[in-house]
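Every chain is numbered from 1, with letters handed out A, B, ... down the list of sequences. All of these numbers come straight from a predicted model, not from anything done at the bench.
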Amino acid sequence: MSREMNDRYFPQEIEKKWQQIWDETNLYHAEMNEDKPKYYFMDMFAYPSGDLHWGHIRNYTIGDVVARYKRHCGYNVMHPTGFDAFGLPAENAAIKRKVHPRDWTMMNIANMQKQFRAMGYGYDWQRSVVTCQPDYFKWNQWFFIQLFKKGLAYKKRSAVNWCPDCQTALANEQVVDGICERCEHPVVKRMMEQWYFRITEYAERLLAGHDNISWPDDIVAMQKNWIGKSQGVEFAWKINGHDKAFRVFTTRPDTVYGVTFMVLAPEHPLVDEITTSEQISEVQKLRSEVAKLSEIDRAATDLEKKGAFTGAHAVNPMNGELVPIYIANYVMMDYGTGAIMAVPAHDQRDFEFARKYDIPVTIVIAPEGTDLDAFKMTAAFVAEGNMVNSAEFDGMPSDDGWEKIADKMEETEIGNRTINYRLRDWCISRQRYWGTPIPMLYCEKCGIVPVPDEQLPVLLPDDIEFTGSGQSPLTTSESFMNTTCPNCGGHARRDADTMDTFMDSSWYFLRYCSPQVEDKPFNPEDIKYWMPVDMYVGGREHATMHLIYARFFTMALHDMGLVDFDEPFTRLFNQGIVTAGGKKMSKRSGAVPPNDVVNDYGADAARIFIMFMAPAGERAEWGIDPATGKPYTVPPGIEGIARFLNRIWRMVALNKAVYRLEWRDSIEVLEMGPLERALRRKTHQTIIKVTHDIERMQFNTVIAAMMELLNEISSFSPDSNDIYADVNVPWSEAIEMLLRMLSPFAPHIVCEIFDILGIDGDMPYLPWPTGDVKVAANESLEIPIQVNGKLRSKLVVPVGIDKDTMQELALNDDSVKKYIEGVSIVKIIVVPGKLVNIVVK
RNA sequence: GGGUGAGUGGCGAAAUUGGCAGACGCGCCAGACUUAGGAUCUGGUUCCUCACGGAUUGGGGGUUCAAGUCCCCCCUCGCCCACCA
């Protein structure tokens, strides 16, 4: 049964062999099975950038460990993977290396798949999704049209980042510190027609949904912050001498009597109409200055506040006062109404502006007990207080005033309470080639027409030029752009833009459930069985983009009746980043691929190393090699892991004959000596700790616990002369249990050893061991004895000893005695099973 | 500025509810076996002190018999958001 075993451990041969067996037997493919509870585990799929690095390895090893663990626990586990294959780098590579983005992408995918396999990840490759393939993005287009039909996709003119040198629109990611990534010219804003998804309509549900999912608090906080709900009042201001009015939004209606000026965003449409002829040049000067700024500079808090007077005045609807109207660089067109009422006494930005332009400051909220001096104050008073200078509202606490003034505005129909969100609609259009073509046509007669279902997918043309300048690359393909209107048969042009790649990642978890189905995006039965995703693992950087978009998308599908849940991911876990020299390891900052470690020490060692080096949720510092000044290609700590695996291997190799499958039959009834009992106790204590720590995603301590067990087994001597000796029974249990716990972390070595020992070949599905609490219970305890909180002695006592006996033993302990002689004992604290503390004076 | 996480030996770190600070591992030191191999095994390793002993979880205060852990103030670092009206 048992076969030959080399004394030395050669991971390379073993690992290749098992990877091939797993592939050939399709071992990790999951099918629906109503007899088992399902577990849908997903990690965030990778962008095929070329090589995996240790950031990926950390993410995907966590995933593989949890998926394997859940499989051992009896779940029907689906653990798929795929590639987020559209995106900008492929296009840049195309321009730079004269290679088609598709070829570059597919080459990288092939390489990364090889690396995934070499790590021994148990993916269900049959369910793989590659987003740049037509059978996937066809459904992006179909969903887009469904959203359009529901009124959730719409077209709007809006400002985009524009590089005047490249003559092209840029994605936000291409704008680095206000500079075009490619040509290093400053980026400006330009108005363009773009497609948007109405995510703002789901703001309230996105907030409410947080209650139904168990996600980390910080991610929920980030999303809430991003959605940015604020309650306030929106009300109208008339312009003096005009029939025009404009609306402002404020969260501080209680300060309305303190308004001393108004500010419009420089882009506000009313500016042209109200600016007086004397002020035109000044206003135009500021407008062009602001237009030149990039969005990033514009939004910088430390940007000097600048404004220009329009020459017009507005009428305060509450008291009829006239206040000047300015434009200023600190008011944004795309939040609220693009206009604000300015209360310098109680808003810091307004205060700075008022001081600079010599605008009066009127105090309307007085802090409790003191008076403010409008001339002397050096900062706005933003807290609550009592209303002053506010007509009939004087004397009220400001929070009451808030409500009363809002009531009055509603009664007099000046304005009403509203809620504003920071969240903006999701801009889907990208002036890029390597993405999903937007399936919309523009007919001269019929206007905007969606591509009919039977013409999907709209494929990407190959007769395009990657010049890196001019318009969206698709416009260079005449064969793509010109088509026929499905309504009237006349000439139509296609939308030249492609979709944001966040569209691709908003539903890939649904496609994993039905990867091959052709006539719909997924089968309802598959979704019903597998969804929602039980655990989703990935980086925190996706907190406010991908993870909001995917939730919105699922809610929208729910409302269309396509799915019957509205939260896609029940549980979320964020692994920490891998840093090198304190900076995040990424392709740009010198990422280290796993190849050297895998080649030298094997995938099992690589997997354990990355799990052992830091708690999974926290930052892990990879380390800089002092010899090169660069991140280690092979970090020194890997030696410890290699030793650990080597010791396990040698222990089995040297004692192979001692291991007997039949240990199970006798372990419960055997009379054991203290050494045997101690080993068995440690085995079961380890099972309990390991299980508990895997459940709480604390893998570093899991590995430490297994190392401790190995140390315990190492110091235990089995009897190799008599393989039937009783001592070999707990030894066999210990070694088998260690291996079974190790298997999610180091599956290759465990498969190999199990095969050698003749343990069931269906290893990945072997049940997870259960720790016996009774066996794990200690027989005696070492109790610290403190005097005044200082450790003075230790006592070994039997478990369950009563308080009085313990106190007695402590007081009679020789090394304690010298600290309590000649002083009076104030108090004795005895915590059963924990400690004794004698307080003396 | 807002949010959020963190700060423990030479290094990575451990310590579910307040109860022996430093588990486990790296590195280092000593030894064993080897006729120097970066293999393996054994012992040691927070700091100060020859020692007795003392100090110690970023700093300072507090609560408690007892604080890395709870409370208050401060410092430093990471990440996310950021003139949001």
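- Summarising the base pairing, B/A15 is matched to no nucleotide, lacking a Watson-Crick or G-U wobble pair whose two defining distances lie under 3.5 Å.
- The ring pair (Phe, Tyr, Trp, His ring centres under 6.0 Å) test applied to A/Y335 returns no partner, not counting sequence neighbours.
- One atom, CD1 of A/I219, and another, P of B/C80, lie 11 Å apart when rounded to the nearest Å.
- Taking side-chain N and O atoms only, A/K790 has a distance below 4.0 Å to OP1 or OP2 of B/A55.
- Among the heavy atoms of the strands lying under 4.0 Å from A/E782 is at least one base atom, whether or not backbone atoms are also near.
- Nucleotide B/A21 forms a pair with no other nucleotide shown, judged by Watson-Crick or G-U wobble geometry with both contacts under 3.5 Å.
- Between the CG atom of A/N646 and the P atom of B/G38 there is a distance of 17 Å, rounded to whole Å.
- Take A/T683 and apply the side chain to side chain donor-acceptor pair (under 3.5 Å) test, not counting sequence neighbours, and it matches no residue.
- In this structure A/E403 satisfies the salt bridge (Lys or Arg N to Asp or Glu O under 4.0 Å) test together with A/R417, sequence neighbours excluded.
- Dense packing is recorded around NZ of A/K224, with more than 12 heavy atoms of other residues, nucleotides or ligands lying under 6.0 Å away.
- Across the strands present, B/C79 finds its partner in B/G3; the criterion is a Watson-Crick or G-U wobble pair with both atom distances under 3.5 angstrom.
- No contact: A/K689 has no heavy atom under 4.0 Å from any strand.
- Backbone-only engagement by A/D218 is indicated by non-hydrogen atom pairs under 4.0 Å involving sugar-phosphate atoms exclusively.
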Protein proximity profile, nucleotides 23-31 of chain B - base contact B, sugar-phosphate-only contact S, no contact -, cut-off 4.0 Å on heavy atoms: BBSSS----

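- Nearest to the side-chain atoms of A/M222 among the listed nucleotides B/C80, B/A13, B/C20 stands B/C80.
- Using a cut-off of 4.0 Å between Lys/Arg side-chain N and Asp/Glu carboxylate O, A/E712 and A/K682 are scored as not salt-bridged.
- Annotation: the span from A/I749 atom CD1 to A/R607 atom CZ amounts to 12.5 Å, rounded to 0.5 Å.
- For the residue pair A/R792/A/Y819, the side-chain donor-acceptor check at 3.5 Å is satisfied.
- Nearest to the side-chain atoms of A/M613 among the listed nucleotides B/C20, B/G12, B/A85 stands B/G12.
- Contact of A/K305 with B/C83 (side chain to base): a donor-acceptor pair of N or O atoms is detected under 3.5 Å.
- Between B/A55 and B/G61, the distance separating the two P atoms is 15 Å to the nearest Å.
- Applying the 4.0 Å criterion to OP1 and OP2 of B/C41, one finds that A/R650 has a side-chain N or O inside that range.
- Computed from coordinates, the A/D350 CG to B/C84 P distance equals 10 Å when rounded to whole Å.
- Base pairing of B/C28 is made with B/G44, judged by Watson-Crick or G-U wobble geometry with both donor-acceptor distances under 3.5 Å.
- Residues A/Y601 and A/N646 have side chains that never bring a donor and an acceptor to within less than 3.5 angstrom of each other.
- The distance from atom CD1 of A/I624 to atom P of B/C11 is 16 Å, rounded to the nearest whole Å.
- B/C84 sits 31 Å from B/C73 when the C1' atoms are compared, rounded to a whole Å.
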Steps toward salt bridge (Lys or Arg N to Asp or Glu O under 4.0 Å) verdict (A/E289, A/R287): CA-CA 5 Å; A/E289 209 174 289; A/R287 283 180 123 185; over 6 Å; no

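- At a cut-off of 3.5 Å, with distance as the only test, a side-chain donor of A/E621 or A/T579 sits close to an acceptor on the other residue.
- When Watson-Crick and G-U wobble pairs are counted only if both distances are under 3.5 Å, B/C52 pairs with no nucleotide at all.
- For B/G9, the base adopts the syn conformation, since its glycosidic angle falls within 90 degrees of zero.
- Counting non-hydrogen atoms under 4.0 angstrom, A/P635 reaches nothing in the nucleic acid.
- Phosphate contact (OP1/OP2 of B/C84, side-chain N/O of A/R349, threshold under 4.0 Å): present.
- Here, B/U56 and B/G7 have their C1' atoms 15 Å apart, quoted to the whole Å.
- OP1 or OP2 of B/A82 lies within a sub-4.0 Å distance of a side-chain N or O belonging to A/R422.
- A/K794 comes within 4.0 angstrom of a nucleotide base, judged by non-hydrogen atoms across all strands.
- For A/L835, counting side-chain heavy atoms from C-beta on, the closest listed nucleotide (B/G19, B/C84, B/A14) is B/G19.
- Between B/U45 and B/U35, the distance separating the two P atoms is 32 Å to the nearest Å.
- No side-chain donor from either of A/T200 and A/R424 sits under 3.5 Å from a side-chain acceptor of the other.
- Comparing B/G62 with B/G68, their P atoms are spaced 15 Å from each other, to the whole Å.
- Nucleotides B/G19 and B/A67, compared at atom C1', are 10 Å apart to the nearest Å.
- Both A/K818 and A/D693 lie close to RNA chain B; mapped to their nearest nucleotides by heavy-atom distance, the more 5′-ward contact belongs to A/D693.
- Going from atom CE of A/M651 over to atom C1' of B/U40 covers 13 Å, rounded to whole Å.
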Derivation of the salt bridge (Lys or Arg N to Asp or Glu O under 4.0 Å) call for A/D813 and A/K817: CA-CA 6 Å; A/D813 183 79; A/K817 271 184 183 163; over 6 Å; no

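- Rounded to a whole Å, the CZ atom of A/R619 is 12 Å from the C1' atom of B/A13.
- Nearer to the 5' terminus of RNA chain B, by closest-nucleotide assignment, is the contact made by A/A221 (compared with the other of A/A221 and A/R252).
- Look at the C1' atom in both B/C20 and B/U69: the space between them is 15 Å, to the nearest Å.
- Atom CD of A/E352 and atom P of B/G1 are 12 Å apart (whole Å).
- Summarising the geometry, the separation between CG on A/D600 and P on B/G38 is reported as 17 Å, rounded to the nearest angstrom.
- Of the C1' atoms belonging to B/A36 and B/G59, the separation is 50 Å, rounded to the nearest Å.
- Applying the ring pair (Phe, Tyr, Trp, His ring centres under 6.0 Å) test to A/F351 and every residue at least two apart in sequence or in another chain returns nothing.
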Contacts under 3.5 Å, N or O only, protein and nucleotides 63-65 of chain B:
residue: B/C65; atom: OP1; partner: A/K827; partner atom: NZ; Å: 3.2
residue: B/C65; atom: O2'; partner: A/N837; partner atom: ND2; Å: 3.2
residue: B/C65; atom: O2; partner: A/N837; partner atom: ND2; Å: 2.8

